[in-house]
Chemist: 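Take a look at this one; I'll ask things after.
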Amino acid sequence: MVKRLSGAVGFQRDKAYQEPIMSFIADRLNRILPSQTIVITQKARALKAEGRDIISLSAGEPDFDTPDFVKQAAIRAIQNGETKYTDVAGTMQLREAVAARLNTDFDLDYRAEEICVSTGGKQVIYNVMVATLNAGDEVIIPAPAWVSYPDIVSLADGTPVVIQTTAENGFRLTADQLRAAITPKTKWLMLNSPCNPTGAAYDEHHLKALTEVLLEHPHVWILTDDMYGKLMYEGAVAKTFVQVEPRLRDRTVTMNGVSKAYAMTGWRIGFSAAPVELTRQLIKLQGQSTSNPCSIAQAAAKEAVSGPQDFIGEMVSVYEQRRNLVVSMLNEAPGLSCAKPEGAFYVFPSIEGTLGKTSKGGHLIDSDEAFVTALLDETGVAAVHGSAFLTPGYFRISYATSTELLKEACTRIQQFCQGLS
């Protein structure tokens, strides 16, 4: 199913957003809503501050600490006075280190001048969309999808074209779906692998099928979000578009960062690798918005991408154990069905078997949003409803938290589902 979206994406807009108090506010802000993952995480924190026993599985960040050698690099940068403005696109040392990391990990050939370092991956996506979209340009987004993709497209005057993938296809976009969605107005395909929220990953075979379609349509560019690329399980290795089909290099933006693989979400460093001419435009835009990312965070990021990488494998091993635990326990909950993801640190269970039932607390489970609302109210477990990711009938759990808390949370979910009638 292909859906072209307009207005606030993915949710019912409440009155406060339909009728802004001040007409002073730009119309473009009425196209979007606050990030639902952030809203739910903040609600969980507020309930916890009130004394409620809350287990939040809603945030998409590692529970591991930033490695000590990375912290020490930041401390040295402060002590050495590296506290001034840098080049808008980041220090040349960091850009060189990023290019080297991408080239090593994915067998690519990026140069430092093709790298732009930004304040997190979200800014990379925002920069790319604002720099390239005109009104009416279409961006293909496979769903389930990260909550910010369609709203960023809408803010940039583009039209999100959402393609609903299926559990039967592992929540992966097929070549036939892509071909059917492309129009003369299509400007971008936005693809995330491994995917937030499903953990689905595109191997070389899956990507090759998509690249063959894209070679038929030279006006379509690709933004590949590889932020979770190092978090793969059972020995699998992530692939990226340009690696699989080098002929697409001149119309691909490869996006990555240090947030997930290096446990550095708060440092806010993301980066793009793109053709030089586009990179220059991204730098021009960034120079008139945020300018350079934090100089201290840049020093830490350089150490992260160029230093020892073995700790990532240790994190992945723990995540894999947690994944197996959560999948097993959720599949024991009446009414839930949970597939085993290939990467990232999320599961995306179906609630189909719970719909139409009523919880012990009197909540009618008539939607995925009703399910997570009742779950939080009655058990203290915070999760994110699938509709936030453009896919009703599911919910997302992050297993980037301690095994002890995951066991307790999944036990509460089982008990909640057992109480439905």
Side-chain angles (χ1 to χ4, degrees), residues 32 35-38 41 59-62 66 70 88-90 94-95 97-99 101-102 105-106 110 114-132 139 141-142 144-153 155-156 160 188-199 201-202 221-232 238 240-242 252-274 278-279 282-283 285-286 289-294 297-298 300-302 304-305 312 343-346 389 398 400:
I32 66 171
S35 166
Q36 291 298 289
T37 53
I38 294 174
T41 300
E61 65 176 346
T66 301
V70 175
V88 170
L94 176 55
R95 295 168 75 187
V98 166
R101 182 81 267 148
L102 292 174
D105 288 348
F106 296 108
Y110 284 115
E114 296 175 292
I115 306 298
C116 180
V117 183
S118 300
T119 308
K122 188 175 289 187
Q123 188 184 17
V124 171
I125 299 167
Y126 185 87
N127 285 352
V128 171
M129 294 297 107
V130 170
T132 63
V139 179
I141 303 172
W146 183 43
V147 296
S148 293
Y149 291 153
D151 276 356
I152 291 174
V153 170
L155 275 175
W188 288 95
L189 165 65
M190 199 178 287
L191 196 80
N192 178 208
S193 175
C195 174
N196 174 10
T198 64
Y202 291 74
W221 281 58
I222 305 99
L223 193 156
T224 175
D225 179 350
D226 298 339
M227 190 65 76
Y228 297 91
K230 288 182 175 291
L231 307 182
M232 295 283 290
T240 194
F241 266 102
V242 177
T252 297
V253 174
T254 300
M255 192 274 277
N256 214 311
V258 298
S259 293
K260 313 301 182 179
Y262 297 93
M264 295 177 67
T265 51
W267 298 81
R268 307 310 302 133
I269 295 290
F271 36 82
S272 58
L278 177 57
T279 297
L282 301 179
I283 295 170
L285 174 62
Q286 187 162 295
S289 53
T290 60
S291 195
N292 65 272
C294 169
Q298 288 189 60
K302 176 186 175 296
V305 300
I312 298 175
F345 42 63
Y346 309 106
F389 304 99
S398 166

Chemist: Regarding Thr254 and Tyr110, do their side chains bring together a donor and an acceptor under 3.5 Å, going by distance alone?
Modeler: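 Result is yes, a qualifying pair exists.
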
Chemist: Suppose we screen for side chain to side chain donor-acceptor pair (under 3.5 Å). Which residues come up paired with Asn196, at least two apart in sequence or across chains?
Modeler: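 Only Arg396 meet the side chain to side chain donor-acceptor pair (under 3.5 Å) criterion with Asn196.
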
Chemist: Tell me, please, which residues at least two apart from Trp146 pass ring pair (Phe, Tyr, Trp, His ring centres under 6.0 Å).
Modeler: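 So Trp146 forms a ring pair (Phe, Tyr, Trp, His ring centres under 6.0 Å) with Tyr149.
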
Chemist: Does Ala304 have any side chain to side chain contact (heavy atoms under 4.5 Å, CB included) partners at least two apart in sequence or in another chain, and if so, which?
Modeler: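 Residues passing side chain to side chain contact (heavy atoms under 4.5 Å, CB included) with Ala304: Val70, Tyr262, Met264.
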
Chemist: From Ser259 OG over to Arg268 CZ, what is the distance, rounded to the nearest 0.5 angstrom?
Modeler: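 Rounded to the nearest 0.5 Å, the OG-CZ separation comes out at 5.0 Å.
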
Chemist: Using the side chain to side chain contact (heavy atoms under 4.5 Å, CB included) criterion, which residues pair with Leu285? Sequence neighbours excluded.
Modeler: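 Checked Leu285 against side chain to side chain contact (heavy atoms under 4.5 Å, CB included); matches are Asn127, Val130, Ala131.
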
Chemist: Scan Val128, Ile125, Thr240, Asn192 and name whichever one has a side-chain contact (heavy atoms from CB on, under 4.5 Å) with Met255.
Modeler: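 When side-chain contact (heavy atoms from CB on, under 4.5 Å) is applied between Met255 and each of Val128, Ile125, Thr240, Asn192, only Ile125 qualifies.
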
Chemist: Taking only residues two or more places apart in sequence, or in another chain, which ones meet Ser35 in a side chain to side chain contact (heavy atoms under 4.5 Å, CB included)?
Modeler: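 Side chain to side chain contact (heavy atoms under 4.5 Å, CB included) check on Ser35 returns Thr37, Ile38, Val147.
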
Chemist: With sequence neighbours left out, write down each residue that passes side chain to side chain donor-acceptor pair (under 3.5 Å) with Ser272, or none if nothing qualifies.
Modeler: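 Scan of Ser272 (side chain to side chain donor-acceptor pair (under 3.5 Å), adjacent residues dropped) gives none.
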
Chemist: How many angstroms lie between atom CG of Leu102 and atom CZ of Phe271, to the nearest 0.5 angstrom?
Modeler: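 So the CG of Leu102 and the CZ of Phe271 are separated by 5.5 Å.
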
Chemist: Taking only residues two or more places apart in sequence, or in another chain, which ones meet Tyr346 in a ring pair (Phe, Tyr, Trp, His ring centres under 6.0 Å)?
Modeler: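 Listed in chain order: Tyr228.
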
Chemist: With sequence neighbours excluded, what pairs up with Lys230 under the salt bridge (charged side-chain N to carboxylate O under 4.0 Å, His left out) test?
Modeler: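 For Lys230 the salt bridge (charged side-chain N to carboxylate O under 4.0 Å, His left out) partners, ignoring immediate neighbours, are Asp105.
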
Chemist: Please list, chain by chain and in numerical order, all residues satisfying side chain to side chain donor-acceptor pair (under 3.5 Å) with Thr41, sequence neighbours excluded.
Modeler: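 By the side chain to side chain donor-acceptor pair (under 3.5 Å) rule, Thr41 matches Ser58.
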
Chemist: Using side chain to side chain donor-acceptor pair (under 3.5 Å) as the criterion, list what pairs up with Thr290, not counting sequence neighbours.
Modeler: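 Checked Thr290 against side chain to side chain donor-acceptor pair (under 3.5 Å); matches are Gln123.
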
Chemist: Going by distance alone, is a donor N or O of one side chain under 3.5 Å from an acceptor N or O of the other, for Trp221 and Thr132?
Modeler: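 Trp221 vs Thr132: no donor-acceptor pair found between side chains.
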
Chemist: Name all residues meeting the side chain to side chain contact (heavy atoms under 4.5 Å, CB included) criterion together with Ala201; count only those two or more places apart in sequence or in a different chain, and write none if there are none.
Modeler: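 With sequence neighbours excluded, Ala201 shows a side chain to side chain contact (heavy atoms under 4.5 Å, CB included) to Ser193, Pro194, Met232, Glu342, given in chain and number order.
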
